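Accompanying notes for the structure given below.
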Amino acid sequence: MKYLDEFQNPELARRLLGEIRATVTRPWALMEVCGGQTHTIIRHGIDQLLPEEVELIHGPGCPVCVTPLAVIDQALEIAARPEVIFCSFGDMLRVPGTDRDLFRVRGEGGDVRVVYSPLDALKIAQQNPHREVVFFGIGFETTAPPNAMTVYQARKLGIGNFSMLVSHVRVPPAIEAIMTSSSCRVQGFLAAGHVCSVMGTDEYPALADRFRVPIVVTGFEPLDILEGIRRTVRQLERGEHTVDNAYPRAVRPDGNPAARAMLADVFEVTDRSWRGIGTIPASGWRLSDRYRDHDAEHRFSVGGITTREPAACRSGEVLQGLIKPHECEAFGTTCTPRTPLGATMVSSEGACAAYYLYRRLGSTPIPLEATPVV
């Protein structure tokens with residue numbers, strides 16, 4: 001398949017691995033920020049093919065995983081109201097709240113619908129003028145622009161029965177929070193290419209300089225990941241700490257100006273709580289005052305909800321790269337995809353889901369010959 005096969009070429013992968021082995025002379029810990037990158041790494045066994053000096057740490061880049069429990073509980077309360085049609089992408093339906101999930105709400109009579117675009121939710125609002133239609137808007141810089149566009153369209157078209165429960169987060173403040181943690185071991189970052197395709201790379205040089213850490217913008221295919229690792233290791237071995245774009249086929253320095261303009265019009269930066277991590281200053285977006293009529297949190301007055309995290313779930317440590325998923329005592333026993341304790345086991349981008357799906361149940365290395373790259 002053109003445009004995919006060329007980034008999964010085994011011979012090129014072996015060459016990149018050879019260059020990494022020839023470059024590395026001491027231990028380095030690199031964090032891939034995005035959950036999509038984590039799944040590529042685990043699915044293709046990239047972490048097991050690398051020289052033992054290179055350790056990959058899985059970061060907090062899964063939008064479903066980092067949505068805080070309080071917002072999940074807000075969604076559950078809104079979705080249970082009889083006047084509401086609650087719309088969400090499918091991966092949010094099984095994320096556990098304090099005592100239930102959206103599937104349970106639907107089973108109890110709530111009108112919860114899966115949509116494939118926020119504009120689908122807006123269309124439902126047009127078709128049901130006597131119902132309140134709420135879209136669950138979560139995610140990073142990647143999903144925020146279409147959600148912003150939908151709110152813009154709702155306002156422009158005068159669709160007053162449409163609102164959005166917003167829980168958008170931003171990557172650069174999360175990197176800063178990770179680097180300022182006393183337990184941080186990260187020495188280099190593989191930045192998420194799709195985020196940078198929207199926002200560009202302007203926010204990263206200051207972080208690289210401040211923390212003296214290389215940041216390499218990286219794609220999602222096996223060769224993208226290996227090339228990102230190669231460039232990061234090369235910088236570390238040379239004592240460099242710059243921002244390097246290894247994903248130029250998708251990322252420009254200024255990102256997508258039209259998408260950034262839409263974000264600036266509809267949203268404003270705010271502090272955000274990250275599930276399992278806590279509040280990170282300036283790490284999220286909320287609807288600006290001009291669009292407050294479409295803010296579901298304001299419309300339904302669902303603040304002040306008391307939440308309760310399961311004591312056995314260590315997803316917060318997984319999201320911060322402090323432990324690997326299989327090092328959690330509940331992994332694969334009391335916590336499975338059918339009985340998840342945390343969002344990292346539910347989400348298609350969650351690190352725990354990747355380890356469970358690809359049977360990465362321990363730390364025993366697999367010999368190179370036995371592990372295909374593709």
Side-chain angles (χ1 to χ4, degrees), residues 34-43 45 47 57-80 86-116 136 138-139 165 167 169 273-278 302 305-364:
C34 176
Q37 293 172 333
T38 300
H39 274 253
T40 297
I41 289 166
I42 303 302
R43 177 184 180 186
D47 56 329
I57 298 174
H58 314 311
C62 166
V64 174
C65 302
V66 301
T67 302
L69 186 59
V71 176
I72 300 294
D73 284 346
Q74 288 176 345
L76 295 169
E77 182 169 322
I78 293 171
F86 193 88
C87 300
S88 170
F89 295 137
D91 52 3
M92 290 301 297
L93 266 63
R94 294 191 64 242
V95 177
T98 295
D99 55 14
R100 54 182 174 167
D101 57 29
L102 285 169
F103 264 131
R104 174 72 67 84
V105 171
R106 186 158 74 177
E108 294 170 348
D111 193 346
V112 178
R113 304 185 188 183
V114 173
V115 294
Y116 297 95
F136 201 177
I138 70 159
L165 182 61
S167 185
V169 287
S273 175
W274 295 52
R275 189 167 191 178
I277 297 176
V302 286
I305 290 177
T306 300
T307 63
R308 185 180 63 258
E309 291 276 5
C313 181
R314 301 178 67 185
S315 60
E317 294 170 82
V318 173
L319 289 169
Q320 297 175 74
L322 301 179
I323 64 169
K324 295 290 194 296
H326 57 67
E327 294 172 341
C328 172
E329 294 78 4
F331 177 82
T333 55
T334 57
C335 182
T336 70
R338 286 182 178 274
T339 58
L341 294 179
T344 49
M345 184 60 89
V346 178
S347 171
S348 60
E349 293 188 28
C352 296
Y355 274 62
Y356 192 91
L357 177 63
Y358 300 113
R359 311 303 296 166
R360 194 68 65 81
L361 308 179
S363 57
T364 303

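Since the model is a prediction, treat every value here as computed from it, not as a measurement.
Side-chain polar atoms of Asp91 and Ser348 form no donor-acceptor pair below 3.5 angstrom.
In this structure, the side chain of Thr98 engages the main chain of Arg308 through a donor-acceptor pair within 3.5 Å. One N or O on the side chain of Thr336 and one on the backbone of Thr339 form a donor-acceptor pair closer than 3.5 Å. Panel note: side chain Gln74, backbone Val302; a donor-acceptor pair is recorded below 3.5 Å.
The two atoms that bring Val71 and Phe136 nearest to each other are CG1-CE2, 3.7 Å, heavy atoms only. Of all heavy-atom pairs spanning Met345 and Cys335, the tightest one is CE-O, 3.4 Å. Of all heavy-atom pairs between Ile42 and Ala354, the closest is CG2-O, 3.8 Å. Heavy atoms only, all atoms of each residue included: Ala330 and Ala312 are closest at CB-O, 4.0 Å. Shortest non-hydrogen contact noted between Arg314 and Glu327 is NH1-O, 3.4 Å. Across Pro96 and Val346, no two heavy atoms sit closer than the pair CD-CG2, 4.0 Å.
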| request: Could you walk me through whether Asp101 and Arg104 pass side chain to side chain contact (heavy atoms under 4.5 Å, CB included), step by step? | output: CA-CA 5 Å; Asp101 57 29; Arg104 174 72 67 84; 3.6 Å; yes
| task | Run the numbers on Arg275 and Val95 for side chain to side chain contact (heavy atoms under 4.5 Å, CB included), then give the verdict. | result | CA-CA 12 Å; Arg275 189 167 191 178; Val95 177; 3.7 Å; yes
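Here NZ of Lys324 is found 5.0 Å from NE2 of His58. Values are rounded to the nearest 0.5 Å. For the atom pair Cys313 SG and Leu341 CG, the distance stands at 5.5 Å (nearest 0.5 Å). Atom SG in Cys87 sits 12.5 Å away from atom OH in Tyr116 (nearest 0.5 Å). Here the OG1 atom belonging to Thr306 is positioned 9.5 Å from the CG atom belonging to Asp73, to the nearest 0.5 angstrom. Put simply, CD on Glu108 and CZ on Arg100 are 5.5 Å apart, with the number rounded to the nearest 0.5 Å. Taking CD1 from Ile72 and CG from Leu76, the interatomic distance works out to 7.0 Å, rounded to the nearest 0.5 Å.
Within the 4.5 Å cutoff, no side-chain heavy atoms of Glu349 are placed close to those of Thr38. The shortest side-chain heavy-atom distance between Pro325 and Thr344 does not fall under the 4.5 Å cut-off. Looking at heavy atoms from C-beta onward, Leu93 lies in side-chain contact with Ser88 at the 4.5 angstrom threshold. Residues Phe86 and Leu102 form a side-chain contact, since some pair of their non-hydrogen atoms from C-beta on lies under 4.5 Å apart. For the pair Cys352/Ser315, no side-chain contact is recorded, criterion being any heavy-atom separation below 4.5 Å from C-beta on.
Classified by interplanar angle (parallel below 30°, tilted 30° to 60°, perpendicular above 60°), the ring pair His326/Tyr355 is tilted.
With Val169 as reference, Val66 is the one residue of Val66, Thr67, Ile138 to meet the side-chain contact (heavy atoms from CB on, under 4.5 Å) rule.
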